[in-house]
Asker: 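What follows is a structure written as C-alpha cells; I'll ask about it next.
Scope of the values below: all heavy atoms of this structure, side chains included, with no hydrogens, waters or symmetry mates. Order of the sequence lines sets the chain letters (A, B, ...), proteins ahead of strands, with each chain counted from 1. The structure displayed is predicted, hence computed values, not measured ones.
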Amino acid sequence: MRAIEHLEQLLRTIVSDMGYAFPAKTTIEPPKDKQFGDLAVNVALVLAKEAKKPPRALAEELAAALNAASEHIATVEIAGPGFINVTFSPGFWQETVSLVDSLGAAYGSSAKGGGKKVNVEYVSANPTGPLHIGHGRGAAIGDSLVRILKFAGYDTTAEYYINDAGKQMHTLGRSIWLRALRLDGKCAGQFPEDCYQGEYITDIAREMLAADPGLTGLPEDEGMDACYRHGMQVIFDEIKQDLRDFHVRHDVWFSELSLVNSGRVEKTLQRLEESGIAYEDDGALWFRTTDYGDDKDRVLRKSDGSLTYFASDIAYHADKYERGYGWCIDIWGADHHGYIPRMRAAVNSIGRPDPDFDVILVQLVNLLRDGEQIAMSTRAGQYETLADVIKEVGADAARFMFLSRKSDSKLDFDLELAKQRTLDNPVYYVQYAHARVKAVLRRAGERGVVVDGAGDLSLLQQEEELDLLRMLDRFPLVVEDAAGNLATHFISYYLMDLAGLLHRYYSVHTILGSEADSLTSARLRLIRAVGQTIANGLELLGVSAPESM
RNA sequence: GCGCUCGUAGCUCAGUCGGAUAGAGCGACAGCCUCCUAAGCUGUAGGCCACAGGUUCGAUUCCUGUCGGGCGCACCA
C-alpha cells in the first residue's frame, strides 16, 4: 500500500515531466511471479500509443527516471512487452513494522469514506419464524460489511427492517390461535396448509395456554390478536438472541408498521401521484416503473384498497434518504433479484441517482452433512435453524465460511466440514497463525526477552521475512478494495495468504534465538505486527482471534 | 418464452474495470517433530479458463451466439 502509493506518486511526476497525462488505465500491482519484482507497472504499454514510441523504449526512459527518483527503489527492470518491474529496498519494507506498531488496532483503517453516511440494511427477516441458515449468510455479510465500511472511514449504520404490517402477521396470529384451539381440544380439524407449520408455533401456543388457560375462551379476533402480539414478541426476541449469538449487530430496528401508522406511506403515494409517477387504473394505483427501465408497471395500492410491500418499501427508502444517508445498501436473498429494477426505479423517482443505492444479492446456502444434502422444507416447517448451526459448528467457523465466498455464488455449507480442523476449513488455519504468534511472544516473555523498542529491523533480510513485510504493507489496500467492492471475501483470502506466510516462516526459521539478541527482537517485532494485522482482519470478519488454541 | 446470474485442476473455490508461464486448499503420491504450538511445513502430479466467432499489440477477463446449471417473471409476501 505504501509501496504502491509511493510508486504512483513518483510515476505521476515523471510522466507529467515528460509532457503526458497520467493514464487512468495504469495499474500498479504485485506481479503474479515474484521474479518480476515487488511491483509491476504497465504505464509504458498504456502510454505507448499517445507517445508514439515503442512500449519498451518508453519503459527504458521511465525506468531510468525512476531509478534516480527514489532512494527506496533498489532495482528497476524492463520485461516482456514493456512492463516496468520495481523492487524496493529491504529498508523500505522494514519500516512497515514500525507503522503497524504505531497504529495497532487501527492499522488498515483509512479515511477513504470521508465520513459519508451509509446505511446497510440486512437480515430484515419477517418475525414469523426462526432465522435459518440463509439468513445467517446475509447476516454475516451485512455485519462484516458494516465493520469494513466503518474501518474505511464511512459513517455506517446497521439497520433491520421489520415487516410487521402485512398479511403474514395476521397469518402468524391465526396459526398460533388454531394450534392453541387444538391443544385445548376445542377443534380437531386438519391444521390449515396456509398456516405456519413449524413446531415453534405449537410451542408458543402451549406456552400461552399455560400462562392463560382462558385464552381459547376469547372471541376469535381478540384471541388471534393476542396470539399475534405475543407470538411476534417471542419470535422476535429469539431472532435478536440468535443474532447476538452470531455476533451480528444492528443499530436501528425499523418498524414498517410505524411507517404505515404515521401516514408516511400514504403521503409518499400522494406525492408520486401528484408528480405523475403513479396513476390509477382498474381501481388500483400503479407506479410507472417502465419509465425507469422496468419491464412492466407495478401496483402500489390494490383495488381492494390494501397496500403492496412495494408501496411501503418506497416510503421506507425515501425515509432513509431523508435521514441523511447518501448511500443505501440493501442485502437481499438472490431469489429477490427480480425486485431490483423496480426498487431502483423507485429510488430514482425520489431523485436519487444509481450510485446512491446498491443491492447485494446473497445466493442460497446449500446445507450438507458429510456431502449429503440436508432437506430443507419451509413448507413442512422443517429446516436447520441458524441457532442449531451456530450451536453445532460455532459462530467463528460459520461466519468465516460465509464470508470467504463471493456473495453472488451459491454456497455449499457442510456441517461436518465446518467442524474439521484442517485446511478444508481455513478459519482454524488463520486463527492458529494468530495463536502461534501469541504463543511465541508469551514464551519470549518467559525467557525475559523484551520486545518493545528493541531490535534492529534491518536484520530482517530473509526471503520469508520480506514476504511477510510485503504482505503486511498490502493490508490497507485490501481493506480499501473490500470496501469499494463490498466484498468480504477479499479480507478472508488475504488472511489465509498472510497466515500461510507466517506458518511457513515459523517452520523455516527459529524466531526465538537462544539469547536476547537484536535479531530475535527484530523477529519478535515482525511477528507481533503479523499477529496484529491478523487480529485486525479477523475483527473485520467478526471472527475471534484466540490467544491460544 | 423473456430477464438476471453462473460455467476455471478429480472436488471446493480465488483471479476477470484487458496484461507476462492461469492460482490456492482438499483429494492422490513422496517427505518433515531431540527444536518457539504438527490445528503446521516441503515437494510431485493434475488445465483447449464450457464451446464457437468478434473487438486489438494482447482476451479466462469485453461483445455476439450456442450449450449446460441456478433463480426470477402476481392487484404474492
Asker: Using a cut-off of strictly less than 4.0 Å, decide whether A:Tyr506 has a side-chain nitrogen or oxygen near OP1 or OP2 of B:A38.
Answerer: yes
Asker: Does OP1 or OP2 of B:C35 have a side-chain N or O of A:Ser507 closer than 4.0 Å?
Answerer: no
Asker: OP1 or OP2 of B:G15 less than 4.0 angstrom from a side-chain nitrogen or oxygen of A:His489, does that happen here?
Answerer: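 Indeed, a polar side-chain atom of A:His489 lies that close.
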Asker: Does B:G58 have a Watson-Crick or wobble mate here (both distances under 3.5 Å), and if so which one?
Answerer: none
Asker: Just to confirm, is there a sub-4.0 Å distance from OP1 or OP2 of B:U5 to any side-chain nitrogen or oxygen of A:Lys410?
Answerer: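 For A:Lys410, the contact criterion (side-chain N or O under 4.0 Å from OP1 or OP2 of B:U5) is not met.
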Asker: Within the 4.0 Å heavy-atom criterion, would you say A:Ala435 contacts the bases, only the backbone, or no part of the nucleic acid?
Answerer: base
Asker: Just to confirm, is there a sub-4.0 Å distance from OP1 or OP2 of B:U42 to any side-chain nitrogen or oxygen of A:Arg504?
Answerer: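 Yes, A:Arg504 has a side-chain N/O under 4.0 Å of OP1/OP2 on B:U42.
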Asker: B:U37, OP1 or OP2 - any side-chain N/O from A:Tyr429 closer than 4.0 Å?
Answerer: no
Asker: Has A:Tyr309 got its ring stacked on the base of B:A77, with centres under 5.5 Å and planes less than 30° apart?
Answerer: no
Asker: Counting only Watson-Crick or G-U wobble pairs whose two distances fall under 3.5 Å, which nucleotide matches B:C2?
Answerer: B:G72
Asker: Can you work out whether A:His509 or A:Asn126 has the more 5'-proximal nearest nucleotide on RNA chain B?
Answerer: A:His509
Asker: Is any side-chain N of the basic residue among A:Arg342 and A:Asp313 closer than 4.0 Å to the acidic one's carboxylate O?
Answerer: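 No, this pair does not count.
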Asker: Under 4.0 Å between a side-chain N or O of A:Lys302 and OP1 or OP2 of B:A77?
Answerer: yes
Asker: Between A:Arg405 and B:U12, is there a contact of a side-chain N or O with OP1 or OP2 at under 4.0 Å?
Answerer: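 For A:Arg405, the contact criterion (side-chain N or O under 4.0 Å from OP1 or OP2 of B:U12) is not met.
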Asker: Taking atom C1' in both B:G47 and B:G40, compute the distance separating them and give it to the nearest angstrom.
Answerer: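 So the two C1' atoms sit 29 Å from each other.
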Asker: Is there, by distance only and without an angle test, a donor paired with an acceptor across the side chain of A:Ser303 and the base of B:C75 below 3.5 Å?
Answerer: yes
Asker: Does A:Tyr428 make a side-chain N or O approach to OP1 or OP2 of B:A39 shorter than 4.0 Å?
Answerer: no
Asker: For residues A:Gln431 and A:Asp396, is any side-chain donor paired with an opposing acceptor at under 3.5 Å?
Answerer: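 Side chains of A:Gln431 and A:Asp396: pair found under 3.5 Å.
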Asker: Just name whichever nucleotide pairs with B:G53, Watson-Crick or G-U, keeping both distances under 3.5 Å, else none.
Answerer: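 Across any shown strand, B:G53 pairs with B:C63.
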Asker: Between A:Asp414 and A:Arg369, does any NZ, NE, NH1 or NH2 come within less than 4.0 Å of an OD or OE carboxylate oxygen?
Answerer: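 Answer for the salt bridge query: no.
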Asker: Check if the side chain of A:His337 and the base of B:G3 share a donor-acceptor pair of N or O atoms closer than 3.5 Å.
Answerer: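 Side chain to base: pair found, below 3.5 Å.
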Asker: Quick one: does A:Asp497 reach the base of B:A14 with a side-chain donor-acceptor pair under 3.5 Å?
Answerer: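 A donor-acceptor contact between them is absent.
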Asker: Do NZ/NE/NH1/NH2 and the carboxylate oxygens of A:Glu61 and A:Arg56 come within less than 4.0 Å?
Answerer: no
Asker: If pairing requires Watson-Crick or G-U wobble contacts with both distances under 3.5 Å, which nucleotide is the partner of B:G43?
Answerer: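 Answer to the pairing question: B:C29, which forms a Watson-Crick or G-U pair with B:G43.
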Asker: Using a strict 4.0 Å threshold on nitrogen-to-oxygen distance, state whether A:Glu463 and A:Arg470 make a salt bridge.
Answerer: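 Yes, this pair counts.
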Asker: Which donor-acceptor pairs under 3.5 Å do side chains of residues 486-496 of chain A form with protein atoms, sequence neighbours excluded?
Answerer:
unit_1   : atom_1 : unit_2   : atom_2 : d
A:Thr488 : OG1    : A:Leu403 : O      : 3.2
A:Ser492 : OG     : A:Leu403 : O      : 2.9
A:Tyr494 : OH     : A:Met471 : O      : 2.7

Asker: Check whether any side-chain N or O of A:Arg523 sits under 4.0 Å from OP1 or OP2 of B:C36, and answer yes or no.
Answerer: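 Checking A:Arg523 against B:C36: no side-chain N or O falls below 4.0 Å of OP1 or OP2.
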Asker: Rounding to an integer number of angstrom, what distance separates B:C67 and B:U60 when you compare their P atoms?
Answerer: 23 Å
Asker: With rounding to the closest Å, how many angstrom separate the C1' atoms on B:U44 and B:G65?
Answerer: 42 Å
